[in-house]
Protein chains: 2
Amino acid sequence: MYSSELIKGTLKTIILKLLSENDKMYGYEITQKVKELTDGKIQLTEGALYPTLHALEADGILTTKTVNVGNRIRKYYTITKTGKKMAKEKVSEFREFMNTMVFLLDLKLNIG
Amino acid sequence: MYSSELIKGTLKTIILKLLSENDKMYGYEITQKVKELTDGKIQLTEGALYPTLHALEADGILTTKTVNVGNRIRKYYTITKTGKKMAKEKVSEFREFMNTMVFLLDLKLNIG
DNA sequence: AGATATACATATAAGTCTTATGTATATTTT
DNA sequence: AAAATATACATAAGACTTATATGTATATCT
């Protein structure tokens with residue numbers, strides 16, 4: 001698990017990227033997917049996730065659809081057209097930021 | 001200039017890395033060096049820089065030496081042995097974090 | 001003379017995230 | 001059968017970090 005200060009600021013980018021690649025996802029699913037894809041190194045907390053999802057919905061970046069699964073509620077989030085554009089911008093900005101940091105910190109990454 | 005939320009959490013890492021490579025630096029010098037090295041894409045604000053430098057000093061990560069240059073004060077910061085160790089850890093953690101994010105966001109970076 | 005650069009610093013507010021708490025059902029383990 | 005864990009939503013209070021604004025003062029450039 002990475003220190004929280006490192007992950008700060010990447011939450012929106014991660015959410016938007018995931019929802020760009022999946023038609024619809026619900027909150028809990030997002031936390032599990034991120035945990036799985038990062039081998040548990042990034043674990044989103046509910047206290048951070050839900051307010052962010054709500055804010056993105058309020059801004060028209062995401063839309064929701066509530067479904068009953070058994071007796072439980074599940075709230076699916078889908079990214080809008082505007083949201084997809086935003087996702088691309090966010091990911092792109094992060095890529096440039098990393099290039100800058102790689103240079104600044106003189107890093108050698110294990111990627112091709 | 002990158003959005004502030006992106007840069008959040010990298011301030012300490014940047015400061016420690018710079019001071020690991022330079023015997024001594026003063027606050028203003030750090031802001032200028034970062035601005036220069038990143039082509040103005042990362043500009044440290046004083047409101048963030050000085051409190052952080054003071055905190056690092058209080059924690060024994062940095063030591064200071066105040067010098068008079070003409071009629072002006074200049075406060076040099078030097079990294080301690082403990083600080084150098086911390087710098088290595090921070091940079092290393094950031095490297096691993098970036099590898100994780102590259103995978104998670106499916107990025108292609110422009111580095112060899 | 002005025003603007004910009006150098007050089008320190010702090011205070012208030014804004015923003016984001018953590019921790020803790022709450023509700024409720026489903027499944028697995030003991 | 002009871003207890004623990006997983007699923008699934010959500011919010012509130014506090015902590016932490018950073019931005020913005022402000023303050024002081026000298027040096028240099030136009």
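In what follows, chains carry the letters A, B, and so on, assigned in the order in which the sequence lines appear, proteins first and then strands, with residues in each chain numbered from 1.
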In whole angstrom, give the distance that lies between atom [atom1] of [X] and atom [atom2] of [N].
X      : N       : atom1 : atom2 : value
I7(B)  : dT16(C) : CD1   : C1'   : 15 Å
E46(A) : dT23(C) : CD    : C1'   : 12 Å
L56(B) : dT18(D) : CG    : P     : 11 Å
K35(B) : dT4(C)  : NZ    : C1'   : 12 Å
Q32(A) : dC9(D)  : CD    : P     : 11 Å
N68(B) : dA7(C)  : CG    : C1'   : 12 Å
Y28(A) : dA26(C) : OH    : C1'   : 11 Å
Y76(B) : dA7(C)  : OH    : C1'   : 11 Å

[N] phosphate, OP1 or OP2: any side-chain N/O from [X] under 4.0 angstrom?
X      : N       : value
Y50(B) : dC8(C)  : yes
H54(A) : dT11(D) : yes
Y26(B) : dA7(C)  : yes

Note: E29(A)-K24(A) ion pair, threshold 4.0 Å (strictly below): no

First of A48(B) and M1(A) reached from the 5' end of DNA chain C, by closest nucleotide: A48(B)

Residues, nucleotides or ligands: over 12 heavy atoms within 6.0 Å of K75(B) NZ: yes

Backbone N/O of I61(B) and side chain of T80(B): donor-acceptor pair under 3.5 Å: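 Answer holds: yes.
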
5'-most by nearest nucleotide on DNA chain D - R72(A) or Y77(A): R72(A)

Closest-nucleotide 5' rank along DNA chain D - winner of K8(A) and L53(A):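 Looking at DNA chain D, the more 5' nearest nucleotide goes with L53(A).
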
Check every atom of [options] against the side chain of [X] and return the nucleotide holding the closest atom.
X      : options                  : result
N71(B) : dA9(C), dT26(D), dA7(C)  : dT26(D)
T45(B) : dA7(C), dC17(C), dT20(D) : dT20(D)
S4(B)  : dC8(C), dA19(D), dT11(D) : dA19(D)

Sugar-phosphate, base or nothing in reach of G27(A), heavy atoms under 4.0 Å: sugar-phosphate

Touch class at under 4.0 angstrom, heavy-atom based, for G9(B) against every strand present: sugar-phosphate

Y2(A) versus T100(B), side-chain donor and acceptor atoms under 3.5 Å: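 The answer is yes; a qualifying pair exists.
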
Identified side chain to side chain contact (heavy atoms under 4.5 Å, CB included) partner of V34(B) from the options L11(B), L49(B), I15(B), I14(B): I14(B)

No-H, no-angle donor-acceptor pair, E5(A) side chain to dC17(C) base, under 3.5 Å: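 A donor-acceptor contact between them is absent.
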
